[in-house]
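The structure appears right after this line, and notes come after that.
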Amino acid sequence: MAGKIKAIRGMRDILPPETGRWQAVEKAAREAFALYGYKELRLPLLERTELFARAIGADTDIVGKEMYTFPDRHGDLLTLRPEATASVLRAVLENGLDQGAGVKKLYTLGPMFRYERPQKGRYRQFHQINCEALGSDAPELDAEVILLLMEILKKVQLGANRLLVNSLGCPECQAKFKAGLGLFLINKEGLCEDCQRRRTTNPLRVLDCKSAHCREILKDAPVLRDYLDPDCLAHFNRVLELLSRFGVTYEEAPRLVRGLDYYTRTAFEVVAVGLGAQDAVAGGGRYNGLAKELGGPDLPAIGFAIGEDRLMEVLPENLGQGDGKKVFLAALGPAALDLAFSLLQTLRQAGVAGEMDFGNRSLKAQMTLADRLGADYTVIIGDRELETGKATLRRMATGDQQEVALSLLPMVLAGL
Ligand code: HAM
């Protein structure tokens with residue numbers, strides 16, 4: 001017998017009823033995006049490898065170790081997107097979406113791929129709700145983007161969480177900081193292999209190292225805040241002031257650098273309490289230099305991505321359930337089945353969700369099925385009901401029954 005084929009490690013099926021919770025999160029996000037003036041983009045999952053290599057940075061774990069990269073049949077080197085920001089910018093520049101006045105506000109939802117070691121909350125195919133605002137360097141936009149993120153998280157009832165905020169400064173501040181950090185790291189013993197290399201190639205990346213020993217060494221490392229020039233500092237303070245004005249609780253996180261190289265100025269993460277090692281449910285920041293890096297114009301921008309898989313782990317079990325009522329039609333005998341089938345279509349036309357069993361099974365079997373499907377009401381139609389022109393309407397939660405004229409059923413059910 002042939003063996004069963006299983007899903008690839010780190011990639012999973014998301015099944016009902018779990019998908020209902022995903023829909024609830026995505027609905028909440030879409031509603032919030034609409035309120036803030038965002039429009040949706042739908043982008044390819046495959047891009048040229050060069051796009052991510054240039055955008056995310058050669059020294060990052062993502063580009064160095066985690067990309068699904070392969071040559072296609074023509075020999076072009078392609079990569080399954082590990083994140084969406086680079087693709088959004090590629091699409092914006094390619095389609096001229098950056099043209100015209102005003103901030104361009106875009107969002108996109110979908111799977112991302114990183115070849116990481118799978119564990120709780122970390123998958124090789126995972127899903128992001130991605131938000132990007134392009135065309136302004138105003139600190140008000142930073143605050144607005146963070147407010148939007150927090151609003152989405154509140155709408156989906158995310159419990160205890162912490163918003164961590166830092167400023168990575170402009171490229172000039174970063175260059176000075178990298179020099180200072182490089183000096184600090186120069187004679188430190190015991191850095192991991194990656195960090196020994198990174199301390200000269202890109203010392204900022206050392207700050208993002210997960211190794212306990214490297215973290216210990218970094219305790220006394222210089223912090224970015226001390227290297228911010230007056231403009232970057234004023235920008236950062238204004239963002240923080242606006243967050244406070246709107247009652248957003250934040251923590252300054254002087255060592256937060258994020259795992260991608262494109263960030264400038266504001267960078268932030270939301271960590272959920274109780275998630276364990278993989279506790280970041282969202283992250284983002286400014287990436288003012290990325291458009292130029294990708295051959296485009298000067299296009300300051302900021303955005304974030306919510307990790308949906310991780311978020312799901314901490315959201316209420318019953319999120320998105322109980323929306324709308326559901327009716328089950330139990331038909332006994334062929335004539336009742338014929339009538340119930342027509343009634344079912346009428347109900348659906350009236351906006352009432354309904355189901356029935358075509359198997360002509362016993363009432364008991366059909367009631368069990370109604371329960372399993374989560375029906376709020378069951379309509380029972382048998383010979384007696386056909387004769388009297390009235391059906392039995394049963395409320396499943398209480399077992400209460402009443403007779404309702406068949407002709408009035410759609411109206412009665414729509415009004416319940
Ligand atoms: P990121 O921090 O790499 O940022 O990812 C954002 C979120 O995606 C993380 O906070 C986490 O919740 C989720 N995530 C990342 N990797 C995995 C994984 N292997 N399994 C499950 N969830 C994961 C970015 O991707 C940036 N593009 C965000 C951004 C948008 N910055 C500006 N605009």
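Source: prediction; values computed, not measured. Remember, it's 1-based here, ligands and their atoms both numbered in the order they're listed.
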Is it true that Tyr115 and Tyr68 have ring centroids separated by less than 6.0 Å?
yes
Write down, by chain and number, every protein residue that brings a non-hydrogen atom to less than 4.0 Å from an atom of ligand 1.
Glu83, Thr85, Arg114, Glu116, Gly121, Arg122, Tyr123, Phe126, Gln128, Asn130, Glu132, Arg258, Leu260, Tyr262, Tyr263, Ala280, Val281, Ala282, Gly283, Gly284, Gly285, Tyr287, Gly303, Phe304, Ala305, Gly307, Arg310
Do the charged groups of Glu313 and Lys120 touch, with an N to O distance under 4.0 Å?
yes
Search all heavy atoms of Asn288 against all heavy atoms of Arg286 and return the closest pair with its distance.
OD1-NH1, 2.9 Å
For residues 153-171, run the donor-acceptor check on the side chains, cut-off 3.5 Å, and write out each pair with its distance to 0.1 Å, sequence neighbours left out.
| residue | atom | partner | partner atom | Å |
| --- | --- | --- | --- | --- |
| Lys155 | NZ | Glu31 | OE1 | 3.3 |
| Asn161 | ND2 | Gly159 | O | 2.8 |
| Arg162 | NE | Glu251 | OE1 | 3.3 |
| Arg162 | NE | Glu251 | OE2 | 2.9 |
| Arg162 | NH2 | Glu251 | OE1 | 2.9 |
| Asn166 | ND2 | Ala253 | O | 3.3 |
| Asn166 | ND2 | Pro254 | O | 3.2 |
| Asn166 | ND2 | Leu256 | O | 2.9 |
| Ser167 | OG | Gly169 | N | 3.2 |

Would you check if Leu413 and Val379 make a side-chain contact, meaning some heavy-atom pair closer than 4.5 Å?
yes
Do Tyr227 and Lys178 touch side chain to side chain, with heavy atoms closer than 4.5 Å?
no
